[in-house]
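Numbers here are sequence positions counted from 1.
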Amino acid sequence: MILDKSTDTSGLTQVAALSDELQPVFDKVERKYQACGIELFFVFRCLPEEYERKSTVRYAKRDNTIYFDMTVSEDQYKTFSKSRQRYELSHYFYAFLNDKLKKYKIKHLDHTEFINDMEEWLKEIGWLQSELETSMDEYRE
């Protein structure tokens, strides 16, 4: 399995920098799930609400890639601290991945094990914090 990502942001938020924090998680997934033979490609978009861009998922058979195109509101995120942006983005990413990945049968992939591993590895990098942990981080910022 290969994981990669791209961003589409205006620079008014920390979404691009926060998505870079995923690299250690991607590395662990690639090592453990190399037998799966598929690519998961994530696009992190932080756009104005007026664009009305929705999050989508699609499978490109020719590339054997599942594209997770996630859009969050720049209007909201630009008012958040970096800790709050990390909290919102991480919980959205995890829920979106968990929900959408269920729709695909991937050879050699146990969905439950994969999602459990993702949760553990995301927590290791400071993602998926609780509201309380996020509030404490915001206080320190």
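A salt bridge is defined here as a Lys NZ or Arg NE, NH1 or NH2 lying under 4.0 Å from an Asp or Glu carboxylate O, and Lys54 with Asp69 fails to meet this definition. Salt bridge present: Lys32 and Glu113 bring a charged side-chain N and a carboxylate O closer than 4.0 Å. Here Arg45 does not pair with Glu74 in a salt bridge; the nearest charged N to carboxylate O distance is not below 4.0 Å.
One hydrophobic cluster, built from ILVMFWY side chains closer than 4.5 Å, cannot hold both Tyr67 and Leu89; they sit in different ones. Residues Val43 and Tyr92 are members of separate hydrophobic clusters, defined by side-chain heavy-atom contacts under 4.5 angstrom among Ile, Leu, Val, Met, Phe, Trp and Tyr. When hydrophobic clusters are built by joining Ile, Leu, Val, Met, Phe, Trp and Tyr residues whose side-chain heavy atoms come closer than 4.5 Å, directly or via intermediates, Tyr59 is grouped together with Leu3.
Rounded to the nearest 0.5 Å, atoms CE (Met1) and CG (Asn64) are 10.0 Å apart.
Checked against the 6.0 Å centroid criterion, the rings of Phe68 and Phe93 do not qualify as a close aromatic pair. For Phe26 and Phe42, the gap between ring centers is short of 6.0 Å.
Contact between Tyr77 and Gln85 at its shortest, heavy atoms only, is O-NE2, 3.2 Å. A pairwise comparison of heavy atoms in Leu12 and Lys78 identifies O-CB, 3.9 Å as the closest pair.
Counting heavy atoms from C-beta outward, Arg58 and Ile66 have side chains that stay 4.5 Å or more apart. A 4.5 Å side-chain heavy-atom check between Leu122 and Val25 finds at least one atom pair inside the cut-off.
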Inset, instruction - Tell me, with the steps shown, if Arg84 and Thr134 meet side chain to side chain contact (heavy atoms under 4.5 Å, CB included). - result: CA-CA 6 Å; Arg84 176 56 55 178; Thr134 301; 3.9 Å; yes
